[in-house]
Amino acid sequence: WSIINPVVASKINVLRSMCASNFTQVLSVSATESSTVQCSSNTITLNINAQSLIPTGSIITVFGLNAKTSKSGIQVLMSPPNVMTSYRWSEANCLSYCLPGRPCAGGNCFTSSSTVAYPQRCMPWCDSDSLLLIVVNTTFKSASLSLAVENGCVPNQPPPALAVAVNGPGFYSPVTPITQTDIILSSRTAPTFLSLGITQESTESFDASSLVWRGSSLGQRNTITISFSLNIDVYSGANFTVTGLIASTTPSTRAPLIRS
C-alpha cells in the first residue's frame with residue numbers, strides 16, 4: 001500500500017521514527033508518612049518527579065500499598081490540585097495469620113482451646129496487592145500524592161513493596177520501586193501518652209450556692225483535673241479508665257461529677 005498511496009508511506013515513516021525513538025522515562029519517587037503509631041490514621045505522601053513533561057491523559061499506577069482504608073475506600077489528594085481527573089482503587093486481599101491451629105484476634109495469637117493470649121503477634125499475608133490508577137488531567141513534571149490510610153495494629157510489620165509507573169501518549173516509565181531507609185507502614189511505634197497531668201483545687205473558698213467549702217483540705221469539696229495528650233487519634237466511643245482515686249466514703253458523700 002505504501003507504493004500506491006503516499007499518505008500510507010508517510011504514516012509508515014512516522015511510525016518507524018517513533019519506534020526508533022526512546023520514549024522510556026526515568027522517574028524519581030520518594031515516600032513519607034505522617035504517623036508510625038500502631039492502629040492510628042496515617043497519610044502516605046508520594047513525591048513524583050519526571051525527566052520530561054508527563055502529558056495529559058497519562059495514567060499513574062501505584063502498586064503494593066497494602067494498607068487498611070476507611071469503609072468508603074481510600075482518600076486521594078494530588079498537588080497541584082488540577083492534575084488529577086479521577087482515580088480507581090482496588091483493595092488488597094490480606095489476612096492475618098498465626099501458627100497452624102492458633103486463631104488471630106485483635107492483633108494477638110490465641111491458643112486453640114482457650115482465650116489465653118499466646119506470646120506471638122498476628123502477621124499479615126496478602127494474596128493480592130492493592131492497585132491505584134490515577135488519570136492525569138494536565139501536563140506536569142512534579143507532583144505529590146497524599147493517600148489517607150490506617151496503620152496496622154501489629155508492630156514492626158514488613159514494609160510493602162511500593163512501586164509507581166506512568167504511561168501516556170508518547171510517554172512511558174517502567175515500574176519504579178520505592179526504596180528508602182524509612183520503612184513505610186511498619187507500625188513501629190506503640191500508642192502512648194505524650195503528656196499526663198493531675199491537679200486539684202489549690203485555694204480554699206466558700207461555695208455559697210451549695211453551702212460547702214471548696215479546696216484540698218480534709219472534708220472539703222475538691223475537683224481533680226486530669227489532662228493528657230496522646231500520639232494516636234481518639235474516636236467517639238473510646239473508653240478511658242481512671243483507677244486509684246480515693247475519696248471520702250461517708251453516706252453523705254455524693255457520687256463524683258465528671259465534666260469534660
Side-chain angles (χ1 to χ4, degrees), residues 21-38 40-69 73-80 83-97 121-189:
S21 302
N22 183 12
F23 286 96
T24 302
Q25 303 288 333
V26 178
L27 292 179
S28 174
V29 185
S30 62
T32 59
E33 62 182 346
S34 63
S35 174
T36 62
V37 181
Q38 303 157 19
S40 72
S41 59
N42 193 0
T43 300
I44 305 298
T45 301
L46 303 180
N47 298 303
I48 302 173
N49 295 280
Q51 288 179 318
S52 59
L53 284 174
I54 297 176
T56 301
S58 298
I59 296 178
I60 302 174
T61 306
V62 180
F63 304 90
L65 186 65
N66 298 340
K68 295 171 58 180
T69 61
I74 195 170
Q75 299 178 18
V76 181
L77 296 177
M78 195 165 183
S79 180
V83 171
M84 181 177 65
T85 300
S86 60
Y87 67 88
R88 179 180 176 182
W89 167 253
S90 298
E91 191 91 21
N93 183 19
C94 299
L95 298 173
S96 296
Y97 73 95
R121 300 286 284 175
C122 307
M123 295 301 295
W125 176 268
C126 298
D127 292 331
S128 62
D129 292 331
S130 66
L131 191 66
L132 175 63
L133 302 177
I134 299 173
V135 180
V136 172
N137 187 42
T138 185
T139 58
F140 71 97
K141 288 186 66 174
S142 300
S144 62
L145 289 172
S146 295
L147 313 173
V149 297
E150 296 178 7
N151 286 338
C153 296
V154 180
N156 300 320
Q157 298 188 43
L162 269 176
V164 176
V166 180
N167 296 285
F171 188 97
Y172 166 75
S173 74
V175 177
T176 304
I178 300 176
T179 57
Q180 56 193 83
T181 55
D182 294 334
I183 302 176
I184 302 299
L185 294 170
S186 66
S187 300
R188 58 185 179 272
T189 305

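Source: prediction; values computed, not measured.
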Rounded distance (nearest 0.5 Å) linking atom [atom1] of [X] with atom [atom2] of [Y]:
| X | Y | atom1 | atom2 | answer |
| --- | --- | --- | --- | --- |
| Thr69 | Leu147 | OG1 | CG | 11.0 Å |
| Ile184 | Ser30 | CD1 | OG | 9.0 Å |
| Tyr87 | Ile60 | OH | CD1 | 14.0 Å |
| Leu53 | Thr56 | CG | OG1 | 9.5 Å |
| Ser173 | Ile54 | OG | CD1 | 7.0 Å |
| Thr61 | Arg88 | OG1 | CZ | 11.5 Å |

So does [Y] get a backbone contact from the side chain of [X], meaning a donor-acceptor N/O pair under 3.5 Å?
| X | Y | answer |
| --- | --- | --- |
| Asn151 | Val37 | yes |
| Ser58 | Val166 | no |
| Thr43 | Ser34 | no |

_Which residues pass the side-chain contact (heavy atoms from CB on, under 4.5 Å) test with Ala67, not counting sequence neighbours?_
Val149, Leu185
*Non-neighbouring partners of Ser130 that pass side-chain contact (heavy atoms from CB on, under 4.5 Å), sequence neighbours left out*: Leu65, Asn66, Trp89, Ala92
I'd like to check [X] versus [Y] (side-chain heavy atoms, cut-off strictly below 4.5 Å). Are they in contact?
| X | Y | value |
| --- | --- | --- |
| Ile59 | Asn167 | no |
| Leu162 | Phe63 | no |
| Leu145 | Val164 | no |

*asked:* If the test is side chain to side chain contact (heavy atoms under 4.5 Å, CB included), which one of Leu77, Asn47, Ile48 qualifies with Ser144?
replied: Asn47
Contacts of type side chain to side chain donor-acceptor pair (under 3.5 Å), residue [X], not counting sequence neighbours:
| X | result |
| --- | --- |
| Thr189 | Thr36 |
| Ser146 | none |
| Ser35 | Ser40 |

Please tabulate, for side-chain N and O atoms in residues 135-143, each donor-acceptor pair with protein atoms closer than 3.5 Å (sequence neighbours left out).
from   : atom 1 : to    : atom 2 : distance (Å)
Asn137 : OD1    : Thr85 : OG1    : 3.3
Lys141 : NZ     : Gln51 : O      : 3.3
Ser142 : OG     : Asn49 : OD1    : 2.7

*Qualifying salt bridge (charged side-chain N to carboxylate O under 4.0 Å, His left out) pairs, either residue in residues 24-35, two or more places apart*: Glu33-Arg188
*asked:* Show the nearest heavy-atom pair for residues Gly57 and Pro169, with the distance to one decimal.
replied: C-CD, 4.3 Å
